[in-house]
Amino acid sequence: MNAPDELKYSKDHEWVKAEGGIAAVGITDFAQHQLTDVVFVELPEVGASAEAGKPIAAVESVKAVSDVYAPVSGEVIEVNDALRDAPELINTDPYGEGWIFKLKMSDPSAADALMNAEQYKEHAASESH
Amino acid sequence: MPNRTPLYDEHVKLNGTIVDFAGWELPVQYTRLIEEHEATRERAGLFDICHMGEFDVSGPGAFDFLQSALSRDLSPLKPGRCMYSTMLNERGGCVDDLFVYMKDPENFMLVVNAANIKKDFDWLVSAAQERGVSLSDRSADTAKLDLQGPQSATIMRSLCSADLPSRFGFISADVAGVETLVSRTGYTGEDGFELYCESSRAVALWRAIIETGSPLGLLPCGLGARDTLRLEAAYSLYGHELSDDISPVEAGLRFAVSAAKDYTGSDVIKKQLADGAPRQSVAFALVERGVPRDGCEVLSGGSPAGRVTSGTFSPTLKKGIGLALLNSPAASIGGSVSVIIRNRPYAAEIVARPFIAYRGGSK
């Protein structure tokens, strides 16, 4: 299972890259694999406020829609516009070009409470059947 | 405890993602839905459809019985030919949609939806009282495999020495050593075959087709691709476009109803044919990126006009498509509507159906 060590993870299969109070957020490799081909991403509005654990975006595959939850609270300061025309970036590069949005965290240390890569791998393994 | 088809172990071996479908454990996909969809459009796909129901209807009164029970005029049927029809309740709503196979003038096979097997059988038994007809439910002993796509006939020719039937025709033949009813029909909009055999022989038939078809690019396909393929072809799915409360006229299946004979529900149907139905099923495509889903509300001129009955992202057209049941005044081709997806309106256009025209020949 691909889950880079430098990232933090939520139980809802989002990853967080926290730097200087800003959190970049996407969905994990495990999540994109479960979803299969992503064909549409509903991005949040810049300026929207995100509450930890609440849906803030949506990722659609051919078969189903899946909510993306805010892993930490904050304000949306940037969204990945490239996903509007190339939603498949979430499949091909989930931790890179497939990032979804960036938050200015309400509590800059909030990401510390999320899972590390090792913990996330165990969590994901327990959810795959 | 969900049901398993005779091919369950094959699906597990092929790493299929198994889901519950109408009480059956079936693969939604094996590798990637879009790959499986494209394999069927461009080469060939093989589907486990063993969950569907098969009934035998036989006896001297069988034809007259079916003619009075089903909505379509069956008089064009001949031995070795099959027709699509619906069976209706008194309100003109659809009990089920089905295929009728004429084996000979006194022996027919009906192929019905998995979720409706018991309902259909009970309905037919009550309709068949004292008609000189015997009915038997063969579903548990009958396997059904669908081989679909432009390479299907090539694959069949190397497994079967008999002359293949033309579209809507069927034969009994030896296919890779398995006694099979070979029907030139399908649910994808491509040339292809629906194959029926004894359940105990399903694995042998499945493996033979995969072995012969793989070098030609055949993939086993799950229910996910089956749904996107049928929706591109704008074929109705019972429980979505059709239900006990939706008539075949409303669903756009005028070819499957007769104005010239009497059958259960025919009073309502004849009135709808003459005066128009209050609702109409339409095909629509989103004009912006998005994926419509079953149940989404549709607005026309800002007012509620109906709901999406099936929606998906079309792997062939690369856009959101669907079928919607709308109030008839809103249901004109070329019309602009909005589809509400997660509280946001998406612009859509009503288009001619199907999205992808049938691509097989008649031979």
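First the proteins, then the strands, lettered A, B, ... as listed; each starts at 1. A quick note: this is a predicted structure, and the numbers were derived from the prediction, not measured.
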A:Glu97, CD atom: more than 12 neighbouring heavy atoms under 6.0 Å: no
Within 6.0 angstrom of A:Lys104 NZ, more than 12 heavy atoms from elsewhere: no
Atom pair CD1/CZ of B:Ile341 and A:Phe40 - distance to nearest 0.5 Å: 7.0 Å
Inter-residue atom distance B:Arg32.CZ - A:Asn91.CG, 0.5 Å rounding: 7.5 Å
Within 6.0 Å of CD in A:Glu6, more than 12 heavy atoms from elsewhere: yes
Residues from residues 50-85 of chain A approaching chain B under 4.5 Å (heavy atoms): A:Ala58, A:Glu60, A:Ser61, A:Val62, A:Lys63, A:Ala64, A:Val65, A:Arg84, A:Asp85
Atom group of B:Gln29 that falls short of 4.5 Å from chain A, counting heavy atoms: side chain
Close contacts, residues 223-237 of chain B versus chain A, judged by heavy atoms under 4.5 Å: B:Gly224, B:Asp227, B:Thr228
Atom pair CG (B:Leu33) and CG (A:Leu35), whose distance is rounded to the nearest 0.5 Å: 12.0 Å
